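Read through the structure below, which is laid out as structure tokens, and then see the notes.
Predicted model, so just to flag it, every value in this text is computed and none were measured.
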Amino acid sequence: MLPVFHETDLFLPHNDPDDHYDLACQFALAKKGLTDLKGILIDYPPEGFGDPDIGAVAQLGYLTGVPAPVGVGQASAGQKPGSGLNLLKKVLKDCKEPVTLHIVGSCHDVAEAGRLWPELFREKVKAIYLNAGAGRDSERLEYNVWLDPASFAAIFSLPCPIYWMPCFDSMARECVTGRYGTWWKFRQERLFETMSPMLQNYFLGVLTKRQGADWLSPLEGPVDQKALAFYGKQERNMWCTAGFLHTAGLTVTKSGEIRPHGENPSEEVFSFTPIKVECKDDGHAVWEEAPSRDRFIFTVNDGEKYTEAMLSALGIMLSWLK
């Protein structure tokens, strides 16, 4: 099983519930035996945000039987490594096989780890999946880049393969399907009806912005059917789904099936294009297609089928949590 490390901005109350869907995908792949989830690093919350949602990690660990240690990132630059950075360092040092890192929040902690321990990244990081930015550069920065532009730029300089997954094709037209953007959306009721009661409670706890430290009793309690119907009508923006599958050697076909990557490339709804990329400390990345063995950009192969295919794949992954 491929060792995986997950960096996320997972808060309670949530900043965006897509992070809780992403976490569920990581646990689903681990439960299925396709990856080995070695650790989770949660960003230190920016001012005005809730605490790191440690309870969500505990809930999915309980649901799946997958234990996953969790640490919290740095509050500011220049601090001594805390639980998050030390967890990442320990995972990299202890794993016999190279580790794949997923960045779905701020780039700060992974960039700092790369600065502190470059040899570990050279020897023990198999790849980084970077969920940030826009495929076509513009004056306005995407949110994850805006959080720390210099750290976003620093990721591209790390001595390991980078699979860049821009959140949007262009910041000029954010929530549309584009050639070089991962964004897609779905109405939540389309997946709620296929979930187990405990998984429904996991998502309802996030969406209703439940407060308190208790996490087990809400998970095992009765499902609030009115809340399920209300939040089922809401649409959910998603970004990171494809990278989790690609890490495990999988892809999504245009018909929404999860298949081994490379089995039938003409039917894959997304791919990664080799590129040459440069990024300044202001967070503006410039790239071009070029032969490369360690820099790639996410590419939508069929814009008309992409959203439905990704929804089908997400539903399949969540079904593994039953």
State which residue, out of H102, K126, H261, fulfils the side-chain hydrogen bond (donor to acceptor under 3.5 Å, both in side chains) condition with T247. H102
Is there a path of hydrophobic side-chain contacts, each under 4.5 Å between heavy atoms of I, L, V, M, F, W or Y residues, that connects I103 with M238? yes
Aromatic ring proximity, centroids under 6.0 angstrom, H20 and H14: no
Please find out if less than 6.0 Å separates the ring center of Y129 from that of F244. no
Compare all side-chain heavy atoms of L191 with those of L314 and state whether any distance is below 4.5 angstrom. yes
Going through the checks in order, is the side chain to side chain contact (heavy atoms under 4.5 Å, CB included) test met by Y62 and E220? CA-CA 11 Å; Y62 180 75; E220 294 188 319; 2.6 Å; yes
Rounded to the nearest 0.5 Å, what separation is found between the CE atom of M310 and the CH2 atom of W239? 13.5 Å
Distance (rounded to the nearest 0.5 Å) between E257 CD and S312 OG: 8.0 Å
Mind checking whether I258 and L245 have side chains closer than 4.5 Å, heavy atoms only? yes
Would you say F203 and F192 make side-chain contact, with heavy atoms under 4.5 Å? yes
According to a 4.5 Å side-chain heavy-atom criterion applied to Ile, Leu, Val, Met, Phe, Trp and Tyr, with indirect links allowed, do M1 and L34 form part of one hydrophobic cluster? no
Mind checking whether D281 and P149 have side chains closer than 4.5 Å, heavy atoms only? no
Are side-chain N/O atoms of Y21 and Q188 paired as donor and acceptor at under 3.5 Å? yes
Residues in side chain to side chain contact (heavy atoms under 4.5 Å, CB included) contact with E289, at least two apart in sequence or another chain: Y180, T273, W287
Electrostatic pair R140-E174, nearest N-O below 4.0 angstrom: yes
Looking at side-chain heavy atoms only, is the closest gap between M317 and T241 below 4.5 Å? yes
Set of side chain to side chain contact (heavy atoms under 4.5 Å, CB included) partners for R179, sequence neighbours left out: R136, D169, T299, N301
Does any part of the side chain of Y143, heavy atoms only, come nearer than 4.5 Å to the side chain of D16, both counted from C-beta? no
Aromatic ring proximity, centroids under 6.0 angstrom, F298 and Y163: no
Side-chain donor-acceptor contacts of residues 87-101 below 3.5 Å, not counting sequence neighbours, with atom names and distances?
from, atom 1, to, atom 2, distance (Å)
K90, NZ, D94, OD2, 2.8

Between E308 and K254, is the closest basic N to carboxylate O distance under 4.0 Å? no
Pair C167, W183 - check side chain to side chain contact (heavy atoms under 4.5 Å, CB included), show working. CA-CA 6 Å; C167 296; W183 174 87; over 6 Å; no
Nearest-0.5 Å distance, CG of residue L311 to CZ of residue R236: 13.5 Å
Value for CZ (F270) from OH (Y306), rounded to nearest 0.5 Å, stands at 8.0 Å
Distance (rounded to the nearest 0.5 Å) between I42 CD1 and D9 CG: 9.5 Å
Rounded to the nearest 0.5 angstrom, the CG-NZ distance for L116 and K80 is 13.0 Å
Of all heavy-atom pairs linking L85 and D109, the shortest is CD2-O, 3.1 Å
When the aromatic ring centroids of W320 and F27 are compared, is their separation below 6.0 Å? no
